[in-house]
2 protein chains.
Amino acid sequence: MRETTIYDVAKEAGVSIASVSNVINGKGKVSAKKREEIRAVMERLNYRPNVLASALMGKKTYTLGLLVPDVANPFFAEIARLVEDHAHQAGYSVIACSTDNKDERIERYIRLLKRKRVDGLMIGTGLGGSGALSQLKEKSVPLVMIARGSDLLPASSVLTDDRSGGAGAARHLLGLGHRRLAVLAENAKVTSSKDRVRGFREALAEAGLKLAEADILVCETSVADGERAAGELLRRPDRPTALFCCNDMLAAGALRAAKRLGIRVPGGLSVVGFDNTILAEVTDPALTTIAQPLDRIVGKALELLIGEPEAGGPERRRFVMEPELIVRESTAPPPDAIG
Amino acid sequence: MRETTIYDVAKEAGVSIASVSNVINGKGKVSAKKREEIRAVMERLNYRPNVLASALMGKKTYTLGLLVPDVANPFFAEIARLVEDHAHQAGYSVIACSTDNKDERIERYIRLLKRKRVDGLMIGTGLGGSGALSQLKEKSVPLVMIARGSDLLPASSVLTDDRSGGAGAARHLLGLGHRRLAVLAENAKVTSSKDRVRGFREALAEAGLKLAEADILVCETSVADGERAAGELLRRPDRPTALFCCNDMLAAGALRAAKRLGIRVPGGLSVVGFDNTILAEVTDPALTTIAQPLDRIVGKALELLIGEPEAGGPERRRFVMEPELIVRESTAPPPDAIG
DNA sequence: TTGAAAGCGATACCAA
DNA sequence: TTGGTATCGCTTTCAA
């Protein structure tokens with residue numbers, strides 16, 4: 001049984017396909033009477049316009065691309081879900097792509113998504129080498145950066161105030177009385193991580209403390225590597241009493257390291273994570289962490305991506321949202337604190 | 001700058017579009033010489049066939065649909081990632097859809113995916129009421145069930161031997177000396193959960209133990225509800241010494257409940273999870289759990305979905321893969337064990 | 001072998 | 001208002 005097409009509807013309603021098309025798109029002039037008739041026929045025949053055909057004519061595909069490092073990572077999985085929901089609500093579906101931060105994958109995916117004529121790209125991953133960048137700069141597809149910024153791209157971005165988040169973590173720890181602090185950072189190419197560290201460091205500076213380079217360890221994004229790095233820090237003679245980790249995975253790793261070394265958290269060590277993923281509620285102790293307002297971020301990003309392309313030229317804008325400190329069980333005053 | 005089309009190539013190569021089309025698809029007869037020339041031109045013009053146009057002619061869209069309850073759930077996030085990878089490798093992209101197990105969402109998504117003319121649907125979610133079922137039975141799109149079976153659908157399925165997984169959990173616990181066991185199950189509509197419980201119960205029976213209905217608590221899929229249910233079990237006077245949880249989230253909840261009640265794991269209580277998600281490595285103690293061979297499952301499912309549609313009729317087949325017990329830190333002999 | 005031409009299912013322009 | 005028709009980019013007969 002063939003799908004019913006616009007021709008079937010036209011024939012059944014005794015009109016031309018042009019008229020049917022017009023009522024579908026609410027364009028052109030169609031008399032109220034005809035319009036209702038056509039509507040009725042469409043209903044009766046359970047007619048659904050073929051997206052492919054109209055896309056071929058240069059209309060929307062109602063498909064969006066989402067680029068993230070890894071949808072299996074709880075943080076990005078959460079994002080993927082939110083994007084899906086917001087997009088779906090607006091009539092779009094989304095193709096999620098995990099880049100693994102590999103240039104080759106990034107470029108392949110961008111090429112693929114362009115060929116599929118997606119109506120927009122939501123980018124939540126680093127872009128690696130210049131290959132992807134130049135593919136994107138051609139402006140052949142609307143772009144928006146999410147939970148990340150980039151000056152190299154002609155795209156608006158909506159993200160968390162990472163610096164403020166880092167500062168919040170620092171103040172929380174400082175307020176508890178910590179003076180020897182260290183951080184587990186992500187790769188230097190991850191700007192959000194850099195900003196978090198910067199905010200953290202600035203807040204320390206305000207309190208008259210200096211964060212030495214040696215107290216910032218760069219990690220791969222994995223629990224295991226967080227454990228490794230934290231282990232390294234915790235074995236130092238003047239080991240820190242508090243750790244700020246640029247994401248919850250690293251924080252979870254830090255927790256494991258502490259446990260292995262027999263250091264109690266938060267008794268002997270405080271740990272702050274970032275992102276407030278599900279991991280934070282599952283570790284023991286549960287993680288104090290910085291929550292990003294993901295729902296709002298995604299909502300705004302989608303609005304920018306599929307909303308009216310701004311009559312006054314597509315200005316590149318940055319929307320920055322405030323993160324929130326979620327205090328759970330992994331932070332407390334330092335062991336040497338005087339009651 | 002317009003995309004180069006088949007016409008551009010044809011003109012440039014001084015042939016007809018039909019010949020170009022033929023070399024693209026490796027069909028029809030084209031002289032070796034012309035073929036090479038056309039190839040060269042395509043290369044030089046960096047020509048990429050428009051998927052939409054060829055899809056309109058009834059060819060593949062190279063897009064697959066994936067239906068799962070929630071891509072933000074670590075287990076399904078993992079699946080989504082694997083599906084993405086396997087699909088991508090085969091030249092397909094995938095639209096992931098979170099159903100929340102809600103009939104309305106399920107039906108909407110199926111309709112949407114059909115309209116987008118996806119080449120296949122990978123189903124890893126319950127199908128709810130009959131609405132979705134009848135939409136799917138029309139056989140308008142290839143189907144495969146993943147990590148789940150269904151007799152109601154004309155689709156092959158590839159899944160874990162859940163019964164065996166449940167039995168494995170039971171034997172592990174039995175072997176440690178546990179005699180008072182209970183389980184945290186998922187909703188009765190989730191067949192995989194039912195099978196896990198069945199396997200668990202059968203293994204107990206083999207050992208001469210009976211699992212009472214009262215010792216099986218049905219939970220929502222969330223850490224919080226696992227905590228709630230486990231709390232209920234653990235407050236009983238004859239509380240169990242071991243808990244089998246039908247997924248890692250519930251197990252994580254059980255760990256929290258135990259902690260809140262001052263029961264040590266594994267000293268005072270053993271907990272076994274299911275799925276071997278990232279949660280299992282992050283809890284403290286790390287979870288002993290049953291791992292599903294997801295990579296193989298997804299690989300096989302994809303093969304069924306996009307492979308040759310089997311000349312001998314599309315027989316419904318079931319592929320069952322063996323799960324594996326991963327022993328971590330959450331299981332030990334019961335507290336009253338002798339020696 | 002090759003290519004002209006008829007679709008595929010919409011949109012859009014332009015006469016009527 | 002209507003409807004005829006070209007068009008989008010590709011596949012597929014079917015003559016030549």
Side-chain angles (χ1 to χ4, degrees), chain A residues 1-39 41-42 45-63 91 111-112 114-119 140-141, chain B residues 1-39 41-42 45-63 91 112 114-119 140:
Chain A
M1 190 183 70
R2 235 179 75 271
E3 292 277 318
T4 68
T5 73
I6 197 172
Y7 290 94
D8 302 326
V9 175
K11 183 183 297 176
E12 183 75 9
V15 300
S16 75
I17 59 168
S19 296
V20 179
S21 177
N22 279 337
V23 352
I24 294 174
N25 303 292
K27 298 171 63 169
K29 301 285 160 205
V30 183
S31 65
K33 179 159 161 286
K34 265 208 159 71
R35 179 173 28 249
E36 283 323 309
E37 272 181 35
I38 294 177
R39 282 249 169 72
V41 174
M42 296 201 305
L45 266 43
N46 190 25
Y47 167 68
R48 305 269 168 247
N50 182 322
V51 205
L52 267 47
S54 74
L56 185 55
M57 282 297 291
K59 310 295 283 188
K60 298 189 188 173
T61 55
Y62 288 97
T63 303
R111 235 179 350 250
L112 177 74
K114 278 189 169 183
R115 287 183 48 198
K116 293 235 166 147
R117 299 289 192 280
V118 294
D119 296 328
S140 46
V141 51
Chain B
M1 190 182 74
R2 238 179 72 270
E3 292 278 318
T4 68
T5 73
I6 198 171
Y7 290 97
D8 303 325
V9 176
K11 183 183 297 176
E12 183 75 10
V15 300
S16 75
I17 60 168
S19 297
V20 178
S21 177
N22 279 337
V23 350
I24 293 174
N25 302 293
K27 298 170 65 169
K29 300 287 159 205
V30 183
S31 64
K33 181 158 160 287
K34 265 208 160 68
R35 178 172 28 248
E36 284 322 310
E37 271 181 35
I38 294 176
R39 282 249 168 71
V41 174
M42 296 200 305
L45 267 42
N46 191 25
Y47 168 68
R48 306 268 169 248
N50 181 322
V51 205
L52 266 47
S54 73
L56 185 54
M57 283 298 292
K59 310 294 283 190
K60 298 189 189 175
T61 54
Y62 288 97
T63 304
L112 177 76
K114 278 189 170 183
R115 286 183 48 197
K116 293 235 166 146
R117 299 287 192 282
V118 294
D119 296 328
S140 46

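What you see is a predicted model, and the numbers here were worked out from it, not measured in a lab. Every chain is numbered from 1 and lettered A, B, ... according to where its sequence line falls, protein lines coming before strand lines.
Using a 4.0 Å heavy-atom distance criterion, B/Ser31 is classed as a sugar-phosphate-only contact. Base engagement by A/Ile17 is indicated by at least one non-hydrogen atom pair under 4.0 Å involving a base atom. Within the 4.0 angstrom heavy-atom criterion, no nucleotide atom of any strand lies near A/Asn22. Here A/Val51 lies out of heavy-atom contact (under 4.0 Å) with every strand. Across all strands shown, B/Val20 has no heavy atoms under 4.0 Å from either base or sugar-phosphate atoms.
C/dT11 atom C1' lies 15 Å from atom CG of A/Leu52, rounded to whole Å. Separating the NZ atom of A/Lys60 from the C1' atom of D/dC8 is a distance of 19 Å, rounded to the nearest angstrom. As rounded to whole Å, 14 Å separates atom C1' of D/dT1 from atom CD of A/Glu37. Whole-Å rounding puts the A/Ile6 CD1 to C/dA12 C1' distance at 12 Å. The distance between atom NZ of A/Lys59 and atom P of D/dG9, rounded to the nearest whole Å, is 15 Å. Regarding B/Arg115, its CZ atom lies at a distance of 15 Å from the P atom of C/dG9, rounded to whole Å. Rounded to whole Å, atom P of C/dT11 lies 12 Å from atom CG of B/Leu56. The nearest whole Å value for the distance from the NZ atom in B/Lys11 to the P atom in C/dT2 is 20 Å.
Residue B/Gly14 is the one, among A/Thr4 and B/Gly14, whose nearest nucleotide of DNA chain C lies closer to the 5' end (criterion: closest heavy atom).
The shortest distance between the side-chain N/O atoms of A/Ser19 and the OP1/OP2 oxygens of D/dG3 is below 4.0 Å. Contact annotation: B/Lys29 does not reach the phosphate of C/dT2 (side-chain N/O to OP1 or OP2, under 4.0 Å). Listed pair A/Lys27 / C/dA12 meets the phosphate criterion, a side-chain N or O lying under 4.0 Å from OP1 or OP2.
Closest to the side chain of B/Asn25, out of D/dT2, D/dT11, D/dT12, is D/dT11. Candidate nucleotides D/dT12, D/dG3, C/dG7 were compared by shortest atom distance to the side chain of A/Ser16, and D/dG3 ranks first. When distances are taken from the side chain of A/Ala18 to each of D/dG9, C/dT2, D/dG4, the shortest belongs to D/dG4. Distance from the side chain of B/Tyr7 is smallest for D/dG9 among the nucleotides D/dG9, D/dT2, C/dT11. Counting only heavy atoms from C-beta on, A/Thr5 has its side chain closest to C/dA10 among D/dG9, D/dC10, C/dA10. Considering only side-chain atoms of A/Met57, the nucleotide from C/dA12, C/dA5, D/dC8 that sits closest is D/dC8.
Between B/Leu52 and A/Lys116 the shortest heavy-atom distance is CD1-O, 4.0 Å. The minimum heavy-atom distance between B/Ile24 and B/Ile6, with the atom names listed, is CD1-CD1, 4.2 Å. The minimum heavy-atom distance between B/Asp119 and B/Tyr62, with the atom names listed, is OD2-N, 2.6 Å.
With hydrogens and angles disregarded, a donor-acceptor distance shorter than 3.5 Å links the side chain of B/Arg117 to the backbone of B/Arg115.
Looking only at atom types and distance, the side chain of B/Lys114 has a donor-acceptor partner in the side chain of B/Ser140 under 3.5 Å away. Between the side chains of A/Lys34 and A/Ser19, not a single donor N or O lies within less than 3.5 Å of an accepting N or O.
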